[in-house]
Novice: 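I have a structure I would like to understand better, so I am pasting it below and will then ask my questions one at a time.
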Number of protein chains: 2
Amino acid sequence: MDVTIYEVAQRAGVSIATVSRALRGTGPVAARTREKVLKAVEELNFTPSHLGVSLAEGRHAANGIVFPDLAGPYYTEVLLGYEEVASELGRSVVILSTKGRSRVNDLVKDLAGRVDGMLIFGHTVPEPLVAELVLLRMRLVFISRDPLTGADTLRSENRASAGALAEHLAGHGYERFAFLGAPMASQDDVDERWQGVRAVLGGAIEAVDTRHYTVECGFEAARGLLKGRRRPEAIICSDDEVALGALLAAEELGLSVPGDLAVTGWDDIMAARHARPALTTVRQPMRELGARAARALDELITGARHLPRHQSLPTELVIRSSCGHHPETSPNPDRRAGDPFRPR
Amino acid sequence: MDVTIYEVAQRAGVSIATVSRALRGTGPVAARTREKVLKAVEELNFTPSHLGVSLAEGRHAANGIVFPDLAGPYYTEVLLGYEEVASELGRSVVILSTKGRSRVNDLVKDLAGRVDGMLIFGHTVPEPLVAELVLLRMRLVFISRDPLTGADTLRSENRASAGALAEHLAGHGYERFAFLGAPMASQDDVDERWQGVRAVLGGAIEAVDTRHYTVECGFEAARGLLKGRRRPEAIICSDDEVALGALLAAEELGLSVPGDLAVTGWDDIMAARHARPALTTVRQPMRELGARAARALDELITGARHLPRHQSLPTELVIRSSCGHHPETSPNPDRRAGDPFRPR
DNA sequence: TTGTAAGCGTTATCAA
DNA sequence: TTGATAACGCTTACAA
């Protein structure tokens, strides 16, 4: 803005120290004096400079967030939950996308110089830099990453849900499965899903790499798979976007889903509900993940808590029609209670 | 971070002024001296404090963005384009969502204290506050809003595209139309779309208010409309989410789309392509809008440009199957060239 | 070519 | 109850 504490002080006929005290309620101020100050503040439309305050207080009142891309709804939802709670706690949110960026290190360091703590997705920040940040006492919360020391981690449950999904599919009588996902080393979450389905299906399932978690890559990989001999009866996808790609591939090859092939996703993004057949998937509490991250960060920053914590949130299996018919449950699984307008 | 310019100066055996000069290349520094400084910087892993720099320079090197919500893909895409270019230009992005917030004014003012300029969607910021921001010389760019003085505006073309869409539908032979959208006063863009279709269809189209631009509201409004007597043959929706709701309503009522009813959306979000029938819609260059906003802001902030500018970007009509069959064009309009994997 | 010192806008300590 | 004044970490005249 423009008007400084000096002008307020002058107008109120007091010192800047008094103005500061009056405004933040630290230290004693005579009632009459406070009034004068408030009046001057009002008249001048004074707002303390963030820079000044931060410099003096040694904190930014801002949180960072680092994500690979915002393309899918997953990151967006987390971001929304994060921003909402951060804002409630009086902290701004500075974002950083790493997608297609060279010099990620510099960008992250720059961000670190603007915030008191940050939320980082998975492995978007190189390990050595993470260590450096921990050393610099930057408060960190990771989402979708295996626990590490010196930082909080937050995730939703994967293994058990994946197992439940696999069992559901096995219950349909399928016997040949495929798992579609990007190189699992890059995403701890996806690796857990793979472990979960594998534990149930054993040798009946094979993993296929898509390069990325996108509709395009899902399409390519599924097409290759479906053209081969010994085509799988069910494709379990690492996320909804890959699954949407698989659906398109099946359509192109004239295969009916779920008649000839079952397909499942993960996340329950908006398009999952509107695809036809509607996608069977696993719903993650994305907004809640973001909200908790903001709260966790606040605790670490304010010093309300010092020890790192590792949380895991429950997920929900969402059965729709892409995995096969469910005669005894309901004639049309896509219209089950709560769908399509269940509150979030 | 932690280490200051003083420690670097001491280690290098020079003054802080020299360190500053050496680092930013302002003013002369002897080659040997520069080396010493760089070495010290390296050893101490020094990064200048943003607060210090900003305070001294009188600028934040940060941009703000104010949006109502990030729920749909529209804002997300714009945000991505914005962040990408801002980052290229060396500016961070601070976000603010106004959805469900009381005290929006305070939040926006706070944001204004952290950035050099901001991108604002439509009418998310109350008019008096906008005026105040202009007065405070905050650089502003609006997206999806009628031009105003003292700020840039940026939008994609609406009227002509809406007209083209209406003509296409009329070409199918439909005669009774409905337009589904929220109160048009709240969204200049949507109002223009309404004007555009209306200019072509005249009395053959009636407007119906949904309360918000959501799947839920689209569903409710469409259901009401379709249950009434004199049901429309085609529903033109203000955006894709409303259209998805309309699709669900038709499904619930046992109406086939496009057989019994045509439906169109706007934006071409991901779900539009995957819905069945796939949505005929109008594609906005959302990322490009964001990118241009960032560039415009940069020009205003650096002083490369002083006069406000008002840009309008072209859109693209995307014909899919929800608006009716297109025998002569292609047997399956959903598979036309470029779909589903046209590059962005 | 380098150093001294005055800002930049606050907060907070210490005297008064 | 108030007011000087020293931080906070940097940039940049101005002098040397």
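Here is how names work: the chains are called A, B, and so on, in the same order as the sequence lines, proteins then strands, and each is numbered from 1. Below, all heavy atoms of this structure are taken into account, side chains as well, without hydrogens, waters or symmetry copies. Everything numeric in this text was worked out from a predicted model, so none of it was measured.
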Novice: Which of the following nucleotides, D:dT11, C:dT10, C:dA12, is nearest to the side chain of A:Ala17?
Specialist: C:dA12

Novice: Roughly, in whole Å, what's the span from CZ in A:Arg32 to C1' in D:dT2?
Specialist: 14 Å

Novice: From C-beta outward on B:Tyr6, which listed nucleotide comes closest to its side chain: D:dT11, D:dC10, C:dT11?
Specialist: D:dC10

Novice: What nucleic acid atoms does A:Ala30 come within less than 4.0 Å of, heavy atoms only: base, sugar-phosphate, or nothing?
Specialist: sugar-phosphate

Novice: Nearest whole Å is fine: how far is D:dT11 C1' from B:His50 NE2?
Specialist: 15 Å

Novice: Taking atom C1' of D:dA7 as reference, at what distance in whole Å does atom CG of B:Leu51 sit?
Specialist: 14 Å

Novice: Within the pair A:Arg24 and C:dA12, is there a side-chain N or O less than 4.0 Å away from OP1 or OP2?
Specialist: yes

Novice: Of the nucleotides C:dT11, D:dC10, C:dC8, which one has an atom closest to the side chain of B:Leu55?
Specialist: C:dC8

Novice: What's the closest nucleotide to the side chain of B:Ser49 if the choices are C:dT10, D:dT11, D:dC10?
Specialist: D:dC10

Novice: Heavy atoms only, 4.0 Å cut-off, all strands: where does A:Arg21 land among base, sugar-phosphate and nothing?
Specialist: base

Novice: Between the side chains of B:Glu43 and B:Lys39, is the shortest nitrogen-to-carboxylate-oxygen separation below 4.0 Å, so that they form an ion pair?
Specialist: yes

Novice: Using heavy-atom distances to pick each residue's nearest nucleotide on DNA chain C, tell me which of A:Ala56 and B:Val14 is more 5'.
Specialist: B:Val14

Novice: Would you tell me if any nitrogen or oxygen in the side chain of A:Thr18 comes within less than 4.0 Å of OP1 or OP2 on D:dG3?
Specialist: yes

Novice: Reading DNA chain D from 5' onward, which residue's closest nucleotide shows up sooner: B:Thr26 or A:Ser15?
Specialist: A:Ser15

Novice: I'd like to know whether B:Glu84 forms a salt bridge (Lys or Arg N to Asp or Glu O under 4.0 Å) with A:Arg101, so could you lay out the CA-CA distance, the side-chain angles of the two residues, the decisive distance to 0.1 Å, and finally the verdict.
Specialist: CA-CA 9 Å; B:Glu84 180 171 357; A:Arg101 299 280 166 80; 5.3 Å; no

Novice: Answer yes when A:Glu299 and A:Arg295 have at least one side-chain N-carboxylate O distance shorter than 4.0 Å, and no when they do not.
Specialist: no

Novice: Rounded to whole angstroms, how far apart are CD1 on A:Ile16 and P on D:dT1?
Specialist: 21 Å

Novice: Salt bridge check, A:Arg91 against A:Asp298: does any charged N sit closer than 4.0 Å to a carboxylate O?
Specialist: yes

Novice: Quick one: label B:Thr4 by what it contacts on the DNA or RNA (base, sugar-phosphate, nothing), any heavy atom closer than 4.0 Å.
Specialist: sugar-phosphate

Novice: Flag the pair A:Arg155 and A:Asp146 as a salt bridge only when some basic side-chain nitrogen lies within less than 4.0 angstrom of an acidic carboxylate oxygen.
Specialist: yes

Novice: Need one value for B:Pro28: base, sugar-phosphate or nothing, where a base atom within 4.0 Å counts as base even if backbone is also close, heavy atoms only.
Specialist: base

Novice: Which part of the nucleic acid does A:Ser54 contact within heavy-atom distance under 4.0 Å: base, sugar-phosphate only, or nothing?
Specialist: nothing

